[in-house]
Protein chains: 2
Amino acid sequence: MRQQVPPGQPVPPGGEQQGHPVNLRERKKLRTRNALARAALELFTRQGFEQTTVDEISEAVEVSQRTFFRYFAGKEDVAFATQQLVETHFLEALLTRPADEPPMAALRGAVAAAWDGLAQAMAEMVPIELHMRAYQMIESTPVLLAVHLRRSAELEERMAREIARREGLDVDADPRPRLAVAAFSGAIRVTGRLWGEGPDHSLDALRTLTMAYLDRIGPALVEHWRKTD
Amino acid sequence: MRQQVPPGQPVPPGGEQQGHPVNLRERKKLRTRNALARAALELFTRQGFEQTTVDEISEAVEVSQRTFFRYFAGKEDVAFATQQLVETHFLEALLTRPADEPPMAALRGAVAAAWDGLAQAMAEMVPIELHMRAYQMIESTPVLLAVHLRRSAELEERMAREIARREGLDVDADPRPRLAVAAFSGAIRVTGRLWGEGPDHSLDALRTLTMAYLDRIGPALVEHWRKTD
DNA sequence: TGTCAGTTGTCAGTGACTGACACTAGCCTC
DNA sequence: GAGGCTAGTGTCAGTCACTGACAACTGACA
């Protein structure tokens, strides 16, 4: 079996992340992709990742196995379909933060902004509740956890670079961008877990919990690092 | 293909980590296992992980593919054969540190102690230089990097628990054990990378570099946390 | 409406793994 | 030292993840 995660993502169609296409072709593709993701997550969460075959997923959507692999680079890849959506939204939000915001404020602002609009985009793919169950599954499936950690590391790296760029620093020379991102990501992870364990599994609950935690990271990292300030 | 990483390690023979067996049976097994690991790492580093098949590895050692899978849970598993050895040595060393040592001193002492004896045990399996090249390969192969991150996370968790136990703390209630371990692991990782990039690839170079860095983590974490102190 | 490009299905093949079973070789006993 | 026991090994057949090639189809656009 192939099983390896694609290096730079063999970019199957739909890689352009829901750009609300106009023509029928594009809409059809998007529908197939979403249907595959939904079916996959449903099966994964119900019977387990390993216990689900790609054939099952394809059959559920009534496409050939070959088609599945044209939309997703691998079985692991579908499992992260919704994560991918979240990350994309967040990164986009981060890139459009006002230039004068201090690092942690920008990161915090980006999460906040990402929530808006995310819920809708996500719901088109899968019910939020399914996304949440998928997250738990990822955390408890060794193969997926491994991939998740790698993905997180990559995201953090991109965040750190963006923060460094904003502050006019060299990521490799100055440890602060990575430190800030590490602290931020740590908080996000903790709230994610707490939310999963807690009783209220609504998006709003996660949102307020996250914001509350981010506010506690402490003022040490909140200030500008630029000398010009 | 199966490709998933074994949850609790399906413990193939030889899982008892080189206990210098007495009888012929055991010695033969150990030799086969080491030969497989050596052949695998050699092939992986020469032609790449994905480009190497399990059949190639087995053929190089003149055993059947089935036998390979009786020694290692999967193709990924061999790639971590030497890492496994290092980790085992380190954890053992940590467990036998004097009870009155402060956390960071115990961790530091454990690395130091692990070096002794490790070189020999390792050389029985593969040349040190091969182990080193294998490390680079892991870092640059996405599938392996993912597994590596997961393994590291697991190791850190075990370290944190041990530190907490020593200090009489609850890992989940007090963040300090995990923080200390995170700082420690971070330093180890950094030195590992520096060593790989630097000119001197000797074990001694790594050892002195690591020690120097560990000494810089700062006195903030070095003190005892116990009130009784 | 016809052409063309993008999408899909079919087929065949590779490679990672696994279970079952038969065979062999050290180990232990008598 | 012969024989039996058992662990280790090879063979075989099967599953499942993936991939390339090619033929059939279907929207898009002139």
Side-chain angles (χ1 to χ4, degrees), chain A residues 1-7 9-16 21-33 35-36 40 43-44 47-59 61-79 141-144 147, chain B residues 1-7 9-16 21-36 40 43-44 47-59 61-79 142-144 147:
Chain A
M1 80 100 116
R2 273 313 63 53
Q3 143 264 342
Q4 88 283 44
V5 184
Q9 274 180 270
V11 181
E16 325 80 10
V22 246
N23 64 55
L24 195 110
R25 265 256 253 254
E26 294 291 311
R27 259 180 294 134
K28 213 173 166 184
K29 275 197 335 191
L30 191 54
R31 243 184 302 135
T32 307
R33 190 185 150 87
L36 280 171
L43 288 164
F44 288 165
Q47 44 185 276
F49 178 75
E50 329 270 10
Q51 284 67 49
T52 305
T53 69
V54 175
D55 277 332
E56 272 181 285
I57 303 169
S58 325
E59 272 163 34
V61 184
E62 298 188 297
V63 297
S64 71
Q65 195 212 51
R66 195 69 185 83
T67 294
F68 172 91
F69 284 112
R70 281 198 260 255
Y71 280 98
F72 298 96
K75 192 178 154 187
E76 288 167 6
D77 206 40
V78 233
T141 306
V143 212
L144 296 183
V147 174
Chain B
M1 80 106 112
R2 273 314 63 54
Q3 143 269 340
Q4 89 279 46
V5 184
Q9 276 180 269
V11 181
E16 326 79 12
V22 247
N23 63 54
L24 193 111
R25 272 246 255 265
E26 294 291 311
R27 259 180 294 135
K28 213 172 165 184
K29 274 196 336 190
L30 190 53
R31 243 185 302 135
T32 307
R33 189 185 151 87
N34 286 344
L36 281 170
L43 287 164
F44 289 165
Q47 42 184 297
F49 178 75
E50 330 270 11
Q51 284 66 47
T52 304
T53 69
V54 175
D55 277 331
E56 273 181 284
I57 303 169
S58 325
E59 273 163 33
V61 184
E62 299 189 294
V63 297
S64 72
Q65 196 213 48
R66 196 68 185 82
T67 294
F68 172 91
F69 284 112
R70 282 196 261 254
Y71 279 99
F72 298 97
K75 192 179 154 185
E76 288 167 7
D77 206 39
V78 231
V143 213
L144 296 183
V147 174

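Throughout, protein chains are lettered first and strands after them, A, B, ... in sequence-line order, and every chain is numbered starting at 1.
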Taking only the side-chain nitrogens and oxygens of B/Y71, find out if one of them lies under 4.0 Å from OP1 or OP2 of D/dG8. no
Which letter, B, S or -, goes with each nucleotide of nucleotides 21-30 of chain C from 5' to 3', with contact meaning a protein heavy atom under 4.0 Å? -----BS---
If each of A/V54 and A/R66 is mapped to the nucleotide of DNA chain D with the nearest heavy atom, which maps nearer the 5' terminus, i.e. the 5' end? A/V54
From CZ of A/F69 across to P of C/dC11 the rounded distance in Å is 18 Å
Whether over 12 other heavy atoms sit under 6.0 Å from A/Q51 CD: yes
Rounded to the nearest 0.5 Å, how far does OG1 of A/T53 lie from CD of A/Q47? 8.0 Å
Against the side chain of B/S64, the closest entry in D/dT11, C/dG9, D/dT19 is D/dT11
Nearest to the B/Q65 side chain among D/dT19, C/dT7, C/dT18, which nucleotide is it? C/dT18
Could you state the CZ-P distance from B/R31 to D/dT9, rounded to the nearest angstrom? 11 Å
Looking across every strand, which nucleic acid part, if any, lies under 4.0 Å from B/T52 by heavy atom: base, sugar-phosphate, or nothing? sugar-phosphate
Rounded to whole Å, how long is the line connecting atom CG of B/L36 with atom C1' of C/dA16? 16 Å
Between B/E62 (CD) and D/dT9 (C1'), how many Å, whole number? 14 Å
Could you pick out which residue, B/K75 or A/F68, lies toward the 5' side of DNA chain C when each is mapped onto its nearest nucleotide? A/F68
Over how many whole Å does the gap from A/K29 atom NZ to C/dG6 atom C1' extend? 8 Å
When both distances are under 3.5 Å in a Watson-Crick or G-U wobble arrangement, the nucleotide paired with D/dA30 is C/dT1
Could you work out, with side-chain hydrogen bond (donor to acceptor under 3.5 Å, both in side chains) as the rule, every residue matching B/T52, not counting sequence neighbours? none
When rounded to the nearest 0.5 Å, the distance separating CD of A/E56 from CG of A/L43 is 5.5 Å
Let's test your reading of the model: under 3.5 Å, does the base of D/dG27 pair with the side chain of A/R27 as donor and acceptor? no
Separation of C/dT10 P from A/E59 CD (nearest whole Å): 11 Å
Short question: side chain of A/T141, backbone of A/L144 - any donor-acceptor pair under 3.5 Å? no
Between CZ of B/R33 and CG of B/L30, what distance do you get to the nearest 0.5 Å? 8.0 Å
